[in-house]
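Pasting a structure below so you can have a look.
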Amino acid sequence: MDRAELATVLRTARSRVKPADVGLPGLIRRQVPGLRREEVALLAGVGVDYIVRLEQGRAPKPSQQVLAALARALRLTEEDRDLVFRLAGAEPPQIGRVPMLVRPSVFRLLDRMADLPTLVLSAKSDVLAWNPLAAALLGDFSEWPPTQRNIIRQRFLGPGLGRMSLTPEEEDVTGPHCVGCLRAAQARYPTDPELAQLIDDLRSGSARFDSMWQAGRSGQLRAVSTTIDHPDYGPLALDCDVLLVPEADQTVVVYSAAPGTPTASALDLLRITGLERFAN
(Lines give C-alpha, C1' and ligand atoms only; values in the text may rest on other atoms or scores of the structure.)
Protein backbone atom coordinates (compact mmCIF):
# COMPACT_ATOMS: atom_id res chain seq x y z
CA MET A 1 0.00 0.00 0.00
CA ASP A 2 1.45 3.35 -1.08
CA ARG A 3 -0.11 5.59 1.57
CA ALA A 4 1.55 8.83 0.47
CA GLU A 5 0.56 8.52 -3.19
CA LEU A 6 -2.94 7.33 -2.30
CA ALA A 7 -3.34 10.38 -0.06
CA THR A 8 -2.32 12.71 -2.89
CA VAL A 9 -4.69 11.09 -5.40
CA LEU A 10 -7.64 11.24 -2.98
CA ARG A 11 -7.01 14.88 -2.03
CA THR A 12 -6.79 16.05 -5.64
CA ALA A 13 -9.84 14.00 -6.64
CA ARG A 14 -11.85 15.60 -3.83
CA SER A 15 -10.85 19.07 -4.99
CA ARG A 16 -12.24 18.41 -8.48
CA VAL A 17 -15.79 17.51 -7.41
CA LYS A 18 -18.44 20.18 -6.88
CA PRO A 19 -21.25 19.56 -4.36
CA ALA A 20 -23.90 19.86 -7.08
CA ASP A 21 -22.05 17.18 -9.07
CA VAL A 22 -23.00 14.57 -6.49
CA GLY A 23 -26.49 15.81 -5.64
CA LEU A 24 -25.52 17.83 -2.57
CA PRO A 25 -26.80 21.35 -1.94
CA GLY A 26 -24.12 23.95 -2.65
CA LEU A 27 -22.86 26.42 -0.08
CA ILE A 28 -22.26 30.11 -0.74
CA ARG A 29 -18.73 30.21 0.64
CA ARG A 30 -16.00 27.58 0.51
CA GLN A 31 -12.44 28.13 1.57
CA VAL A 32 -11.15 25.47 -0.83
CA PRO A 33 -12.55 24.08 -4.09
CA GLY A 34 -14.34 20.78 -4.27
CA LEU A 35 -16.03 18.67 -1.63
CA ARG A 36 -15.38 18.90 2.07
CA ARG A 37 -14.06 15.84 3.87
CA GLU A 38 -17.36 15.61 5.74
CA GLU A 39 -19.22 15.39 2.43
CA VAL A 40 -16.96 12.65 1.08
CA ALA A 41 -17.44 10.74 4.32
CA LEU A 42 -21.22 11.14 4.06
CA LEU A 43 -21.34 9.95 0.45
CA ALA A 44 -18.98 7.04 1.03
CA GLY A 45 -20.51 5.99 4.34
CA VAL A 46 -17.29 6.15 6.37
CA GLY A 47 -16.14 8.26 9.30
CA VAL A 48 -14.71 11.72 8.74
CA ASP A 49 -11.69 10.82 10.82
CA TYR A 50 -10.93 7.94 8.46
CA ILE A 51 -11.03 10.28 5.46
CA VAL A 52 -8.66 12.65 7.28
CA ARG A 53 -6.23 9.82 8.03
CA LEU A 54 -6.40 8.54 4.43
CA GLU A 55 -5.56 12.00 3.11
CA GLN A 56 -2.72 12.30 5.62
CA GLY A 57 -1.25 8.93 4.62
CA ARG A 58 -1.69 7.29 8.03
CA ALA A 59 -4.85 5.21 7.68
CA PRO A 60 -4.99 1.39 7.77
CA LYS A 61 -5.59 -0.43 4.52
CA PRO A 62 -9.16 0.26 3.31
CA SER A 63 -11.43 -2.59 2.30
CA GLN A 64 -12.56 -3.07 -1.28
CA GLN A 65 -16.06 -1.93 -0.27
CA VAL A 66 -14.66 1.34 1.09
CA LEU A 67 -12.50 1.85 -2.00
CA ALA A 68 -15.50 1.31 -4.28
CA ALA A 69 -17.59 3.75 -2.22
CA LEU A 70 -14.81 6.37 -2.41
CA ALA A 71 -14.54 5.91 -6.17
CA ARG A 72 -18.26 6.61 -6.57
CA ALA A 73 -18.24 9.54 -4.15
CA LEU A 74 -15.30 11.17 -5.96
CA ARG A 75 -16.62 10.46 -9.47
CA LEU A 76 -13.48 8.63 -10.49
CA THR A 77 -13.07 7.29 -13.99
CA GLU A 78 -12.40 3.57 -14.38
CA GLU A 79 -8.69 4.27 -14.80
CA ASP A 80 -8.54 6.47 -11.69
CA ARG A 81 -10.57 3.93 -9.72
CA ASP A 82 -8.15 1.16 -10.68
CA LEU A 83 -5.24 3.41 -9.67
CA VAL A 84 -6.78 4.01 -6.23
CA PHE A 85 -7.32 0.27 -5.74
CA ARG A 86 -3.74 -0.56 -6.68
CA LEU A 87 -2.28 2.22 -4.53
CA ALA A 88 -4.28 0.78 -1.63
CA GLY A 89 -2.79 -2.66 -2.31
CA ALA A 90 -6.02 -4.15 -3.66
CA GLU A 91 -7.02 -5.65 -6.98
CA PRO A 92 -9.47 -3.52 -9.02
CA PRO A 93 -12.99 -4.91 -9.56
CA GLN A 94 -12.96 -7.91 -11.84
CA ILE A 95 -15.00 -8.76 -14.91
CA GLY A 96 -18.17 -10.53 -13.87
CA ARG A 97 -19.12 -8.06 -11.14
CA VAL A 98 -22.10 -5.70 -11.35
CA PRO A 99 -20.72 -2.38 -12.68
CA MET A 100 -20.92 0.19 -9.90
CA LEU A 101 -18.96 3.06 -11.42
CA VAL A 102 -20.98 5.73 -13.24
CA ARG A 103 -19.43 6.86 -16.50
CA PRO A 104 -18.43 10.52 -16.86
CA SER A 105 -20.76 10.81 -19.86
CA VAL A 106 -23.69 9.67 -17.70
CA PHE A 107 -22.75 12.20 -15.03
CA ARG A 108 -22.80 14.90 -17.71
CA LEU A 109 -26.27 13.74 -18.72
CA LEU A 110 -27.33 13.92 -15.08
CA ASP A 111 -25.99 17.47 -14.85
CA ARG A 112 -27.82 18.59 -17.99
CA MET A 113 -31.13 17.14 -16.75
CA ALA A 114 -31.24 19.59 -13.85
CA ASP A 115 -34.91 20.37 -14.53
CA LEU A 116 -36.01 16.77 -13.98
CA PRO A 117 -35.48 14.51 -10.95
CA THR A 118 -33.04 11.86 -12.16
CA LEU A 119 -31.34 8.78 -10.63
CA VAL A 120 -28.78 6.28 -11.85
CA LEU A 121 -29.30 2.67 -10.73
CA SER A 122 -27.04 -0.35 -11.00
CA ALA A 123 -28.17 -3.69 -12.42
CA LYS A 124 -29.10 -4.73 -8.86
CA SER A 125 -30.91 -1.44 -8.14
CA ASP A 126 -28.25 0.36 -6.11
CA VAL A 127 -28.72 4.14 -6.18
CA LEU A 128 -25.35 5.15 -7.67
CA ALA A 129 -25.99 8.84 -8.43
CA TRP A 130 -28.75 11.43 -8.32
CA ASN A 131 -29.21 15.10 -9.05
CA PRO A 132 -30.31 17.73 -6.49
CA LEU A 133 -33.90 17.77 -7.76
CA ALA A 134 -34.18 14.00 -7.22
CA ALA A 135 -33.05 14.48 -3.63
CA ALA A 136 -35.57 17.27 -3.17
CA LEU A 137 -38.37 15.10 -4.57
CA LEU A 138 -37.54 11.68 -3.13
CA GLY A 139 -35.39 12.48 -0.08
CA ASP A 140 -31.65 12.87 0.44
CA PHE A 141 -30.04 9.57 -0.58
CA SER A 142 -26.76 10.65 1.04
CA GLU A 143 -28.46 10.05 4.40
CA TRP A 144 -28.71 6.32 3.60
CA PRO A 145 -25.63 4.23 4.46
CA PRO A 146 -24.09 3.09 1.14
CA THR A 147 -24.70 -0.57 1.99
CA GLN A 148 -28.42 0.24 2.35
CA ARG A 149 -28.62 2.47 -0.73
CA ASN A 150 -30.54 -0.12 -2.71
CA ILE A 151 -34.14 0.29 -3.84
CA ILE A 152 -35.07 -3.40 -3.57
CA ARG A 153 -33.43 -3.81 -0.14
CA GLN A 154 -35.36 -0.78 1.13
CA ARG A 155 -38.58 -2.08 -0.34
CA PHE A 156 -38.49 -5.53 1.26
CA LEU A 157 -36.21 -5.13 4.30
CA GLY A 158 -36.34 -1.40 5.06
CA PRO A 159 -39.06 1.19 5.60
CA GLY A 160 -40.34 0.78 2.05
CA LEU A 161 -40.02 3.04 -0.96
CA GLY A 162 -39.84 6.23 1.06
CA ARG A 163 -42.11 8.86 -0.42
CA MET A 164 -43.40 6.66 -3.23
CA SER A 165 -47.05 5.81 -2.67
CA LEU A 166 -48.33 2.55 -4.18
CA THR A 167 -51.82 1.11 -4.10
CA PRO A 168 -52.11 -2.61 -3.17
CA GLU A 169 -52.74 -3.34 -6.85
CA GLU A 170 -49.56 -1.47 -7.84
CA GLU A 171 -47.63 -3.35 -5.15
CA ASP A 172 -48.79 -6.65 -6.60
CA VAL A 173 -47.67 -5.65 -10.08
CA THR A 174 -44.38 -3.91 -9.38
CA GLY A 175 -43.09 -6.22 -6.62
CA PRO A 176 -42.51 -9.20 -8.93
CA HIS A 177 -40.81 -6.90 -11.44
CA CYS A 178 -38.27 -5.87 -8.77
CA VAL A 179 -37.61 -9.49 -7.84
CA GLY A 180 -37.34 -10.40 -11.52
CA CYS A 181 -34.72 -7.68 -12.00
CA LEU A 182 -32.49 -9.34 -9.42
CA ARG A 183 -33.00 -12.76 -10.97
CA ALA A 184 -31.98 -11.35 -14.36
CA ALA A 185 -28.94 -9.70 -12.76
CA GLN A 186 -27.96 -12.98 -11.11
CA ALA A 187 -28.03 -14.69 -14.51
CA ARG A 188 -25.63 -12.05 -15.91
CA TYR A 189 -23.36 -11.89 -12.84
CA PRO A 190 -23.46 -15.34 -11.21
CA THR A 191 -20.14 -14.84 -9.39
CA ASP A 192 -20.76 -11.37 -7.95
CA PRO A 193 -20.50 -11.80 -4.15
CA GLU A 194 -22.36 -8.59 -3.26
CA LEU A 195 -25.29 -9.54 -5.49
CA ALA A 196 -25.36 -13.03 -3.97
CA GLN A 197 -25.33 -11.54 -0.46
CA LEU A 198 -28.16 -9.15 -1.33
CA ILE A 199 -30.31 -12.00 -2.62
CA ASP A 200 -29.52 -14.14 0.45
CA ASP A 201 -30.44 -11.25 2.76
CA LEU A 202 -33.70 -10.66 0.94
CA ARG A 203 -34.71 -14.32 0.83
CA SER A 204 -33.94 -14.90 4.51
CA GLY A 205 -35.36 -11.58 5.70
CA SER A 206 -38.55 -11.29 3.66
CA ALA A 207 -41.02 -14.13 3.19
CA ARG A 208 -42.77 -12.06 0.54
CA PHE A 209 -39.58 -11.65 -1.47
CA ASP A 210 -38.73 -15.35 -1.11
CA SER A 211 -42.17 -16.34 -2.36
CA MET A 212 -41.75 -14.15 -5.45
CA TRP A 213 -38.20 -15.43 -5.96
CA GLN A 214 -39.38 -19.04 -5.98
CA ALA A 215 -41.78 -18.15 -8.80
CA GLY A 216 -38.69 -18.06 -11.04
CA ARG A 217 -39.70 -15.06 -13.12
CA SER A 218 -37.33 -12.62 -14.81
CA GLY A 219 -38.01 -8.90 -15.18
CA GLN A 220 -36.70 -5.42 -15.81
CA LEU A 221 -37.41 -1.87 -14.75
CA ARG A 222 -40.28 -0.37 -16.73
CA ALA A 223 -41.74 3.05 -17.39
CA VAL A 224 -44.65 3.68 -15.03
CA SER A 225 -46.86 6.42 -13.64
CA THR A 226 -46.36 6.87 -9.92
CA THR A 227 -47.35 9.07 -7.00
CA ILE A 228 -44.80 10.71 -4.72
CA ASP A 229 -46.15 11.85 -1.36
CA HIS A 230 -43.99 14.91 -0.75
CA PRO A 231 -43.95 16.29 2.84
CA ASP A 232 -44.43 19.90 1.69
CA TYR A 233 -46.36 19.63 -1.59
CA GLY A 234 -48.51 16.57 -0.98
CA PRO A 235 -49.26 13.85 -3.56
CA LEU A 236 -47.46 14.44 -6.87
CA ALA A 237 -48.50 12.43 -9.94
CA LEU A 238 -45.41 11.74 -12.07
CA ASP A 239 -44.35 9.77 -15.09
CA CYS A 240 -41.28 7.64 -14.44
CA ASP A 241 -39.24 6.72 -17.52
CA VAL A 242 -36.27 4.37 -17.67
CA LEU A 243 -33.31 5.00 -19.99
CA LEU A 244 -30.81 2.19 -20.49
CA VAL A 245 -27.02 2.53 -20.50
CA PRO A 246 -26.24 -0.86 -22.08
CA GLU A 247 -22.44 -0.68 -21.94
CA ALA A 248 -22.50 -0.11 -18.17
CA ASP A 249 -25.63 -2.22 -17.53
CA GLN A 250 -27.17 0.69 -15.63
CA THR A 251 -30.43 2.60 -15.88
CA VAL A 252 -31.20 6.30 -15.71
CA VAL A 253 -34.58 6.87 -14.05
CA VAL A 254 -36.26 10.17 -14.91
CA TYR A 255 -39.37 11.67 -13.28
CA SER A 256 -41.49 14.26 -15.12
CA ALA A 257 -44.93 15.85 -15.10
CA ALA A 258 -47.20 17.08 -17.86
CA PRO A 259 -46.93 20.86 -18.41
CA GLY A 260 -49.57 22.95 -16.71
CA THR A 261 -50.39 20.40 -14.03
CA PRO A 262 -50.16 21.01 -10.27
CA THR A 263 -47.28 18.53 -10.14
CA ALA A 264 -45.35 20.49 -12.78
CA SER A 265 -45.82 23.62 -10.66
CA ALA A 266 -44.58 21.75 -7.58
CA LEU A 267 -41.45 20.65 -9.45
CA ASP A 268 -40.84 24.29 -10.41
CA LEU A 269 -40.94 25.20 -6.72
CA LEU A 270 -38.70 22.29 -5.77
CA ARG A 271 -36.04 23.54 -8.18
CA ILE A 272 -35.93 26.71 -6.09
CA THR A 273 -36.32 25.32 -2.57
CA GLY A 274 -34.29 22.14 -3.02
CA LEU A 275 -33.83 20.24 0.22
CA GLU A 276 -35.13 23.12 2.33
CA ARG A 277 -38.01 22.07 4.58
CA PHE A 278 -40.81 24.39 5.65
CA ALA A 279 -41.77 24.66 9.31
CA ASN A 280 -45.30 23.57 10.19
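Remember, it's a predicted structure, so these values are computed and weren't measured experimentally.
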- [ ] Check for a donor-acceptor pair, side chain of Gln65 on one end and backbone N or O of Thr147 on the other, with a separation under 3.5 Å.
- [x] no
Open item on the list: Is it the case that the side chain of Asp192 and the backbone of Val98 share a donor-acceptor pair, with hydrogens and angles ignored and the cut-off at 3.5 Å?
Closed with: yes
- [ ] Quick one: pull up CG in Leu128 and CZ in Arg103 and give me the separation to the nearest 0.5 Å.
- [x] 13.0 Å
- [ ] State whether a side-chain donor-acceptor pair under 3.5 Å links Gln197 with Asp201.
- [x] yes
TODO: Might you point out which heavy atoms bring Arg155 and Cys178 nearest each other, and give the distance in Å?
DONE: NH1-SG, 3.3 Å
Task: From SG (Cys181) to CG (Leu121), nearest 0.5 Å - done: 9.5 Å
Open item on the list: Could you see if Ile151 belongs to whatever hydrophobic cluster contains Leu244? Use Ile, Leu, Val, Met, Phe, Trp, Tyr and a side-chain cutoff under 4.5 Å.
Closed with: yes
- [ ] May I ask you to decide if Met113's main-chain N or O and Asn131's side chain share a donor-acceptor pair within less than 3.5 Å?
- [x] yes
Task: Beyond-backbone contact of Glu91 with Phe85, side-chain heavy atoms, under 4.5 angstrom - done: no
Task: 4.5 Å side-chain heavy-atom contact, Arg72 and Leu43 - done: no
- [ ] Quick one: pull up CD1 in Ile152 and CG in Leu157 and give me the separation to the nearest 0.5 Å.
- [x] 10.5 Å
Task: Polar side-chain atom of Ser206 near backbone of Arg203 as donor-acceptor pair, under 3.5 Å - done: no
TODO: To the nearest 0.5 angstrom, please state how far the CG atom of Leu76 sits from the CZ atom of Arg16.
DONE: 7.0 Å
Open item on the list: Which heavy atom of Ala73 sits nearest to which heavy atom of Leu35, and what is that distance?
Closed with: O-CD1, 4.1 Å
Task: side chain to side chain contact (heavy atoms under 4.5 Å, CB included) between Gln154 and Gln148, intermediate numbers included - done: CA-CA 7 Å; Gln154 290 295 322; Gln148 305 296 313; 3.6 Å; yes
TODO: Answer yes or no: is there a donor N or O on one side and an acceptor on the other, between the side chain of Lys124 and the main chain of Leu182, under 3.5 Å?
DONE: no
- [ ] With the side chain counted from C-beta on, respond yes when Val66 and Leu70 share a heavy-atom pair under 4.5 Å apart, and no when they do not.
- [x] yes
TODO: Determine yes or no for a side-chain-to-main-chain donor-acceptor pair under 3.5 angstrom, with His230 supplying the side chain and Leu138 the backbone.
DONE: no
Task: Minimum-distance pair of heavy atoms, taken over all atoms of Thr191 and Gly96 - done: OG1-O, 3.9 Å
Open item on the list: Just so I know, are the side chains of Leu137 and Leu236 near enough to count as touching, which here means a heavy-atom distance under 4.5 Å?
Closed with: yes
- [ ] Nearest 0.5 Å please: distance from the CG atom of Asp126 over to the CG atom of Leu198.
- [x] 7.5 Å
- [ ] Would you tell me whether Asp239 and Ser256 have side-chain atoms, one donor and one acceptor, within less than 3.5 Å of each other?
- [x] no
Task: Connected via hydrophobic side-chain network under 4.5 Å: Phe107 and Leu101 - done: no
Task: Qualifying residue, where the test is salt bridge (Lys or Arg N to Asp or Glu O under 4.0 Å) with Arg14 and the options are Glu39, Glu38, Glu55 - done: Glu55
Task: Step-by-step side chain to side chain contact (heavy atoms under 4.5 Å, CB included) determination, Tyr255 to Leu267 - done: CA-CA 10 Å; Tyr255 294 87; Leu267 287 181; over 6 Å; no
- [ ] Give the intermediate values and the outcome of side chain to side chain contact (heavy atoms under 4.5 Å, CB included) for residues Trp130 and Val120.
- [x] CA-CA 6 Å; Trp130 59 93; Val120 181; over 6 Å; no
Task: Contact check, side chains of Thr251 and Leu243, non-hydrogen atoms, under 4.5 Å - done: no
Open item on the list: Are Cys240 and Val253 packed together at the side-chain level, in the sense that at least one heavy-atom pair is separated by less than 4.5 angstrom?
Closed with: yes
Open item on the list: Whether Glu194 and Arg97 form a salt bridge (side-chain N of Lys/Arg under 4.0 Å from carboxylate O of Asp/Glu) is what I want to check.
Closed with: no
Task: Asp111 with Arg75: basic N within carboxylate O range, under 4.0 Å - done: yes
Task: Geometric cation-pi criterion Arg208 and Phe156, 6.0 Å radius, 45° cone - done: no
Open item on the list: Would the distance check show the side chain of Asp140 and the main-chain N or O of Ser142 forming a donor-acceptor pair, the cut-off being under 3.5 Å?
Closed with: yes
Task: Spatial distance of atom CG (Leu270) from atom OG (Ser265) [nearest 0.5 Å] - done: 11.0 Å
- [ ] Determine whether Leu87 and Val9 make a side-chain contact, defined as any pair of heavy atoms from C-beta on separated by less than 4.5 Å.
- [x] yes
Task: Main-chain N/O of Ala207 paired with Ser211 side-chain donor or acceptor, under 3.5 Å - done: no
- [ ] Could you please spell out the steps behind the side chain to side chain contact (heavy atoms under 4.5 Å, CB included) verdict for Arg112 and Leu109?
- [x] CA-CA 5 Å; Arg112 294 298 298 271; Leu109 179 65; 5.5 Å; no
Task: Heavy-atom pair with the smallest gap, counting every atom of Ala7 and Gly57 - done: CB-N, 3.8 Å
TODO: Please report the closest heavy-atom contact between Ala123 and Ala185, naming both atoms and the distance.
DONE: O-CB, 3.7 Å
TODO: Answer yes if Leu133 and Leu269 sit in the same cluster of Ile, Leu, Val, Met, Phe, Trp and Tyr residues linked by side chain heavy atoms under 4.5 Å apart, and no otherwise.
DONE: yes
Open item on the list: Quick one: does any side-chain atom of Arg149 pair with a main-chain N or O of Trp144 as donor and acceptor, under 3.5 Å?
Closed with: yes
Open item on the list: If we ignore hydrogens and angles and just use 3.5 Å, is the side chain of Tyr50 paired with the main-chain N or O of Pro60 as donor and acceptor?
Closed with: yes
TODO: Evaluate the side-chain proximity of Thr263 to Tyr233: yes if any heavy-atom separation is below 4.5 Å, no if none is.
DONE: no
Task: same_hphob_cluster(Leu238, Val242) at 4.5 Å side-chain heavy-atom cutoff - done: yes
Task: Pro62 versus Met1, closest heavy-atom pair with distance - done: CD-CE, 3.7 Å
